[in-house]
Structure formats: C-alpha cells, structure tokens
Student: 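This is the structure I have questions about; it appears just below.
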Amino acid sequence: MRTTLRWLLSLVVLIGTVSAAGTATADAPADVDIKDRVLAIPGMSFIEEKPYDGYRFLVLSYTQPVDHRRPRRGTFQQRLTLLHKDTTRPTVFFTSGYHVSTSPRRAEPTRIIDGNQVSLEYRYFTPSRPQPADWSKLDIRQAAADQHRLFTALKKIYDRKWIATGGSKGGMTATYYERFYPRDMDGVVAYVAPNDVVEREDSAYDRFFETVGTAECREKLASYQREALVRREPLLKKYEEWAKTEGATFTTVGSADRAFEAVVLDFAWAFWQYGDEELCTRFQDPATATDDRVYEVVDTVSGFSFYTDQGLEPYTPYYYQAATELGSPALRTPAHLKGLSRYGYQPARAYVPDGIAIRFKPWVMRDVDHWVRSHAQRMLFVNGEYDPWSAEPFRVDRGARDSYVLTAPRANHGAAIARLSDDDRALATAKVLEWAGVAPAAVQADPDRARPLARFDARLDKQDVRRELTLRP
C-alpha cells in the first residue's frame, strides 16, 4: 500500500512540475504523512527521523547534478534536514555553508516566524561530495543551483513564504543564492557574512585589530603571541610530541613548524571571533606563565590540532573556494611579531592539498558586491561589532530596496537579531515577520511591538556558532 501511495504521489509531483500551477502536492489530503509527501519527490531519500515535541525532524538525501549546466554528467547525494511544523507556516532555508547538523536545531528566523526549516549541507562537504570529486564544479553558482533545485521541489509542499538564512559562510551562501535566484526567496537574513571584494586589499582587518576592545586586552593577546614565538623551541617540541602520539601529520602545510606558527598567528583572530574582553581578564600575564601554560592558552583559543592534515581535510572545500572565488584575509604581520614570524599569514591556497588545481577569479566577489549594493531587496545583514569577519561587511546603496545592515554592539561571531540595540532589534524582527507574511496586526501597526512568535526552547534554539578555531568564517 505504501509503495502504491508513493508511486501515486510521485505521479502527482511529476504532473505538478509540468503544470503551470506548480502546487500539486500542496493540496494533498490532510491524512497523508509529511514524510511520505516529501519522499514522493523524485530523488529524495530517507536517512533517519529523530523525534522532537511539536515538530517532525527528518534527515534526508537529495540527488543533485554534479554540474547543473550539464545535468546528465553525473549526480551526487546531498544531505539535508527538515524541521517540519506545518505546511501552513512559512519556511526558513538555512545553510551553514559547511556540514549540516543532524540534530534538531532552529535558526533565529525560524523561531521568529514560528515556521518550518530546511537545512542543506554545502556541496563537497563530506558526505555530500561527488566521487571522484571534480573540484572545478565547486563554485558559488553551482551551490546556489543546488538550493534553487531543492527549493523548487519542496515549494510544492511548503507553498507559503520562504526566508533564506545562515551565519558566517552560511550568510555568504544565502547572499549568493539571492544574487543568482532573486525570485526564490521572500527575504534573506545573513549573519556575520564577510564580503572580500578585493582579495589583495584587506587593510580593514588590520585596522580592526588596532582598535577592537580595550588597549589592555589587545596588549595581553599580543603578549601571548609574542611569548609563544619567543618560546618556539620548547613549545614546538611539545607540539611535535603531541602530533606523534596522535598520529597527526603536516603534509599540506609543509611542516610542524609552519602549522605551529599558523596557530599562533590566529590567536588574536580566534579570540575576538568567539571571546570578549571579560575573558581577557582571566588570562595570566604570559611573561610569568610556564611554557605549559602558554601552550595551553594558545591551544584553547586557537587549537593546535587544526593545521594538521587531519584537521584541514574536512575543510578542503572551504579553502578551495577561498582560493578560487571567496578570497581570504591577507593580514600584515603585526609589529609585535616582526623578527619572530618566519612565514607570516598564509593564503588560502596554502591549505589546499597538492593535486587540486587553483585559479582565482577576482570578478566573482565584485559581481556579488555590486549586485547587493544595487539590487538587494528584502535583505538583512546582521554583523558583530567585535567580530573580525564583520570588518569587511556587505553594504547596501541607493539601488537596494527594503534592505538593512545592522551591527550588534559588542557582539562577536555569534551576533544575532536578539543582540541588536532595542530599536534595531524591533526593526529587524518586524521585517522578518513581514517578509514571511506572518506579522500580527499589532506589529503592522507598530513595529516596535515585534517579538518572535515561538517561545524560546533551550535545546532547539541553542546557538549553533561554529567554533572554528582558526582563521575561517
């Protein structure tokens, strides 16, 4: 019976795809299970379901073309999750820009509009990677086409309004999706999304580190970096002993010494990305600290495991994209490390394994930046005052409509609408409700009364800030 039902639903989906109405499955009988409706979509496969009160949470896989321009030249399975509330509610399309979490999570806009949420894993992040991997097919246009194709399939079931969102690289992803498919979404909320328009001009980051926080905190962080490089010999020995015990290798970066220095150089960046001034007060004066203590502090903030081959491998797709399209921060070596740094900040291509061809395309980010400034519509960018990645933000100019760039005071890479000033928080919340088509009459009359429609859930709304202990969004 279930096989017959799925076959019939597949036929309905096929007819709906050809039909101009495009809403064939939206009117499916109320007693048809949402899992069956979703699995009736051609190419959709079931992985697992995890119970959660008030929702259905499904982990799924969707067949995508490796190359959307030439869809017959191979496919791969792209992992996604569905947090289903009700087909009569709006839907949030979330991506982290990296892997997808297979535990129930609700992005901030999902709570604000009390809706459904579709979360998509970014192409080429394991297990959503074609085999063998043709790296030339990893670019922002192909990734946007992944989202567009999945949205087109799901829109037949979730036919209310949609909001795209994501944080950091996910915020970038939501922005690029809007650039290439501006008619899909009814609004975009992009959190802490860096905008590296000119790859060789990154002085904004240098200025950020010269002024962020208090002078006392900046000096303490600089002292830890300086002390770690002054004590390079004993700390590197400790690092190499750890690597030997763990079986960690350094083929991609070239040596343990290069990896060690990269971690030390990332120290201030990683601190401000996830820390705050209060944390500074807990650090012992590095001049009086033992070698073990200096090593421990740097490891806790920056993470010595990251620049090993084993730490880098899961993020090869990011570094490939940074080296070919996205760009990456090119910081100058700070004055307090002159004469101590042997290698300086390395470009993204230094973290891509040999054998993967790299060609940087400088026009890609310029195109996106120009489009956002001139054509953005119903887009909201939320940045953090103390977040390094917000030093080069997206901006909207006269050509943009109903679009906003807001900064959360003293917020780091975990900046959120909830952390904005009172006026900005009310504006942002009201706009998300409006774009999703669920703004209560009271909010339409007075935006200052805007509040999330769903109650806070400590488990479901746990902020999923990616603690990437390295210089990566």
Student: Where do Gly166 and Ala174 come nearest, in terms of heavy atoms and distance?
Tutor: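 Looking at all heavy atoms of both residues, the shortest contact is N-CB, 4.5 Å.
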
Student: Please check: side-chain N/O of Gln64 versus main-chain N/O of Phe76, any donor-acceptor pairing under 3.5 Å?
Tutor: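 Checked: no pair found.
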
Student: Look at the aromatic rings of His148 and Phe151 and report parallel, tilted or perpendicular, splitting at 30° and 60°.
Tutor: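 Because their plane-to-plane angle lies in the 30° to 60° range, the rings of His148 and Phe151 count as tilted.
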
Student: Taking the side chain as everything from C-beta on, heavy atoms only, tell me whether Tyr122 gets closer than 4.5 Å to Leu138.
Tutor: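 Yes, at least one pair of side-chain atoms sits under 4.5 Å.
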
Student: Does a side-chain N-to-carboxylate-O contact under 4.0 Å join Arg129 and Glu313?
Tutor: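 Here Arg129 pairs with Glu313 in a salt bridge, since their nearest N and O are under 4.0 Å apart.
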
Student: Between Val438 and Asp114, is the side chain to side chain contact (heavy atoms under 4.5 Å, CB included) condition met? List the steps.
Tutor: CA-CA 9 Å; Val438 291; Asp114 192 20; over 6 Å; no

Student: Please confirm whether the backbone N or O of Asp186 pairs with a side-chain atom of Arg378, one donor and one acceptor, at under 3.5 Å?
Tutor: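 At least one qualifying donor-acceptor pair exists.
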
Student: Could you work out, with salt bridge (Lys or Arg N to Asp or Glu O under 4.0 Å) as the rule, every residue matching Asp367, not counting sequence neighbours?
Tutor: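 Asp367: salt bridge (Lys or Arg N to Asp or Glu O under 4.0 Å) contacts with Arg179.
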
Student: Evaluate Trp269 against Trp389 for ring pair (Phe, Tyr, Trp, His ring centres under 6.0 Å), listing each step before the verdict.
Tutor: CA-CA 9 Å; Trp269 185 293; Trp389 292 107; 4.8 Å; yes

Student: Between Gly171 and Ala193, what is the shortest heavy-atom contact and its length?
Tutor: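 Shortest heavy-atom separation between Gly171 and Ala193 comes out as C-CB, 3.7 Å.
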
Student: Tell me whether Lys155 contacts the main-chain N or O of Arg160 through its side chain, where contact means a donor paired with an acceptor under 3.5 Å.
Tutor: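 Side chain of Lys155 to backbone of Arg160: a pair is present.
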
Student: List in chain and number order the residues that pass side chain to side chain contact (heavy atoms under 4.5 Å, CB included) with His370, two or more places apart in sequence or in another chain; answer none if no residue qualifies.
Tutor: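 Side chain to side chain contact (heavy atoms under 4.5 Å, CB included) check on His370 returns Ser374.
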
Student: Taking the basic N atoms (NZ, or NE/NH1/NH2) and the acidic carboxylate oxygens, is any pair closer than 4.0 Å for Glu108 and Arg111?
Tutor: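 No, Glu108 and Arg111 are not salt-bridged.
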
Student: Are Trp272 and Phe209 close enough, and set up right, to give a side chain to side chain contact (heavy atoms under 4.5 Å, CB included), and what steps lead you there?
Tutor: CA-CA 9 Å; Trp272 290 112; Phe209 286 107; 3.9 Å; yes

Student: Is it true that a side-chain atom of Ser390 and a backbone atom of Gly384 form a donor plus acceptor pair closer than 3.5 Å?
Tutor: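 Yes; judged by distance alone, with no hydrogens or angles, the pair exists.
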
Student: For a quick test of reading the model, state the closest non-hydrogen atom pair linking Val301 to Ala270 and the distance between them.
Tutor: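 Reported closest heavy-atom pair: O-CB, 3.4 Å.
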
Student: Among all residues two or more places apart in sequence or in another chain, which pass the side chain to side chain contact (heavy atoms under 4.5 Å, CB included) test with Ala330?
Tutor: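 Side chain to side chain contact (heavy atoms under 4.5 Å, CB included) list for Ala330, sorted by chain: Asp202.
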
Student: Side chains of Tyr176 and Glu325: do they bring a donor and an acceptor to under 3.5 Å?
Tutor: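 No pair is found: no donor N or O on one side chain lies under 3.5 Å from an acceptor on the other.
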
Student: Taking the basic N atoms (NZ, or NE/NH1/NH2) and the acidic carboxylate oxygens, is any pair closer than 4.0 Å for Arg73 and Asp67?
Tutor: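 Asp67 and Arg73: not salt-bridged.
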
Student: Salt-bridge test for Arg425 and Asp422: reply yes if a basic N is under 4.0 Å from a carboxylate O, no otherwise.
Tutor: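 So Arg425 pairs with Asp422 through a salt bridge.
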
Student: Between the main-chain N or O of Asn412 and the side-chain N or O of Gln273, is there a donor-acceptor pair closer than 3.5 Å?
Tutor: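 Not at all, since once roles are kept as given, no pair shorter than 3.5 Å links the two residues.
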
Student: Could I get the full list of side-chain hydrogen bond (donor to acceptor under 3.5 Å, both in side chains) partners for Gln147, not counting sequence neighbours?
Tutor: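 None.
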
Student: Indicate the atoms forming the closest heavy-atom contact of Val263 with Gly303, along with that distance.
Tutor: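 Shortest heavy-atom contact: CG2-O, 3.7 Å.
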
Student: Does Glu392 have any side-chain hydrogen bond (donor to acceptor under 3.5 Å, both in side chains) partners at least two apart in sequence or in another chain, and if so, which?
Tutor: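 In terms of side-chain hydrogen bond (donor to acceptor under 3.5 Å, both in side chains), with neighbours along the sequence ignored, Glu392 is linked to no residue.
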
Student: Check the angle between the aromatic planes of Phe306 and Tyr319 and answer parallel, tilted or perpendicular using the 30° and 60° thresholds.
Tutor: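 Phe306 vs Tyr319 ring planes: tilted.
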
Student: May I have the step-by-step check of side-chain hydrogen bond (donor to acceptor under 3.5 Å, both in side chains) for Asp266 and Ser302, ending in yes or no?
Tutor: CA-CA 6 Å; Asp266 282 358; Ser302 295; over 6 Å; no

Student: Is the backbone of Leu380 close enough, under 3.5 Å, to the side chain of Lys431 for a donor and an acceptor to pair up by distance?
Tutor: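 No, the answer is negative, given that no donor and acceptor are paired below the 3.5 Å cut-off.
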
Student: Would you say Glu121's side chain and Val100's backbone share a donor-acceptor pair under 3.5 angstrom?
Tutor: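 Between the backbone of Val100 and the side chain of Glu121 there is a qualifying donor-acceptor contact (under 3.5 Å).
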
Student: Using distance only, find each side-chain donor-acceptor pair of residues 39-50 under 3.5 Å and give its atom names and separation, not counting sequence neighbours.
Tutor:
{"from": "Glu49", "atom 1": "OE1", "to": "Arg56", "atom 2": "NH2", "distance (Å)": "3.3"}
{"from": "Glu49", "atom 1": "OE2", "to": "Arg56", "atom 2": "NE", "distance (Å)": "2.5"}
{"from": "Glu49", "atom 1": "OE2", "to": "Arg56", "atom 2": "NH2", "distance (Å)": "3.3"}
{"from": "Lys50", "atom 1": "NZ", "to": "Thr102", "atom 2": "O", "distance (Å)": "2.6"}

Student: Report the residues that fulfil salt bridge (Lys or Arg N to Asp or Glu O under 4.0 Å) with Asp397, sequence neighbours left out, ordered by chain and then residue number.
Tutor: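 Counting only residues at least two positions away or on another chain, Asp397 forms a salt bridge (Lys or Arg N to Asp or Glu O under 4.0 Å) with Arg373.
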
Student: Looking only at side chains, do Tyr274 and Asp276 share a donor and an acceptor under 3.5 Å apart?
Tutor: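 Judged by distance alone, the side chains do not pair up.
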
Student: For residues Thr91 and Val118, report the shortest heavy-atom separation together with the two atoms involved.
Tutor: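 Taking every non-hydrogen atom into account, CG2-CG2, 4.0 Å.
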
Student: Got a second to check how far Thr165's OG1 is from Ile417's CD1, nearest 0.5 Å?
Tutor: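 Going from the OG1 atom of Thr165 to the CD1 atom of Ile417 covers 7.5 Å.
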
Student: Apply side chain to side chain contact (heavy atoms under 4.5 Å, CB included) to Thr281 and list each qualifying residue two or more places apart in sequence or on a separate chain.
Tutor: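 Once residues adjacent in sequence are excluded, the partners of Thr281 under the side chain to side chain contact (heavy atoms under 4.5 Å, CB included) criterion are Glu278.
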
Student: Roughly how far, to the nearest 0.5 Å, is CG of Asp299 from CZ of Phe267?
Tutor: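 Between Phe267 CZ and Asp299 CG, I get 11.0 Å after rounding to 0.5 Å.
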
Student: Can you tell me how far apart OH (Tyr177) and CE (Met185) are? Round to the nearest 0.5 Å.
Tutor: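 Rounded to the nearest 0.5 Å, the OH-CE separation comes to 3.5 Å.
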
Student: Working note: Ile157 + Ile34, criterion side chain to side chain contact (heavy atoms under 4.5 Å, CB included); need CA distance, chi angles, decisive distance, verdict.
Tutor: CA-CA 9 Å; Ile157 299 174; Ile34 189 62; 3.8 Å; yes

Student: Just jot down the side chain to side chain contact (heavy atoms under 4.5 Å, CB included) partners of Thr308, sequence neighbours excluded, or say none.
Tutor: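 Expected list: Tyr239, Trp242, Ala248, Phe250, Gln310.
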
Student: Could you check whether any side-chain N or O of Arg123 sits under 3.5 Å from a backbone N or O of Pro130, counting only pairs where one atom can act as donor and the other as acceptor?
Tutor: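 The answer is no, because no donor-acceptor pair under 3.5 Å joins these two groups.
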
Student: Would you call Arg106 and Asp461 a salt bridge, using N to O less than 4.0 angstrom?
Tutor: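 So Arg106 pairs with Asp461 through a salt bridge.
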
Student: Nearest 0.5 Å please: distance from the CZ atom of Phe94 over to the CZ atom of Arg105.
Tutor: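 Interatomic distance, Phe94 CZ to Arg105 CZ, rounded to 0.5 Å: 10.5 Å.
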
Student: Return the minimal non-hydrogen interatomic distance between Gly187 and Trp435, and the atom names on each side.
Tutor: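 Smallest interatomic distance, heavy atoms only, reads CA-CE3, 3.9 Å.
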
Student: Any salt bridge (charged side-chain N to carboxylate O under 4.0 Å, His left out) involving residues 404-419? Give me the pairs, sequence neighbours left out, ordered by first then second residue.
Tutor: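 Pairs touching residues 404-419 that pass the test: Glu277-Arg410.
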
Student: Report yes or no: does Arg89 contribute a side-chain atom to a donor-acceptor pair with the main-chain N or O of Ile113 at less than 3.5 Å?
Tutor: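 Checking the backbone N and O of Ile113 against the side chain of Arg89, a donor-acceptor pair under 3.5 Å is found.
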
Student: Listed by chain and number, what are the side-chain hydrogen bond (donor to acceptor under 3.5 Å, both in side chains) partners of Gln377, not counting sequence neighbours?
Tutor: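 Gln377 satisfies side-chain hydrogen bond (donor to acceptor under 3.5 Å, both in side chains) with Arg401 once adjacent residues are dropped.
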
Student: Examine distances only and state if a side-chain atom of Ser168 and a backbone atom of Gly170 form a donor-acceptor pair shorter than 3.5 Å.
Tutor: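 No, Ser168 side chain to Gly170 backbone: no donor-acceptor pair under 3.5 Å.
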
Student: Can we call the ring centroids of Phe394 and Phe381 under 6.0 Å apart?
Tutor: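 Aromatic pair counts; centres sit under 6.0 Å.
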
Student: Are Tyr318 and Phe125 close enough that their ring centers fall under 6.0 Å?
Tutor: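 Between Tyr318 and Phe125, the centre distance exceeds or equals 6.0 Å.
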
Student: Tell me which pairs pass salt bridge (charged side-chain N to carboxylate O under 4.0 Å, His left out) where either residue lies in residues 130-141, with sequence neighbours left out.
Tutor: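 Listed by first then second residue: Asp134-Lys137.
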
Student: Report yes if some heavy atom in the side chain of Leu58 is under 4.5 Å from a heavy atom in the side chain of His84; otherwise report no.
Tutor: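 No; the side chains remain at least 4.5 Å from each other.
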
Student: Is it the case that the side chains of Asp423 and Ser421 hold a donor-acceptor pair, with the cut-off being a distance below 3.5 Å and no angle test?
Tutor: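 No donor-acceptor contact under 3.5 Å links the two side chains.
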
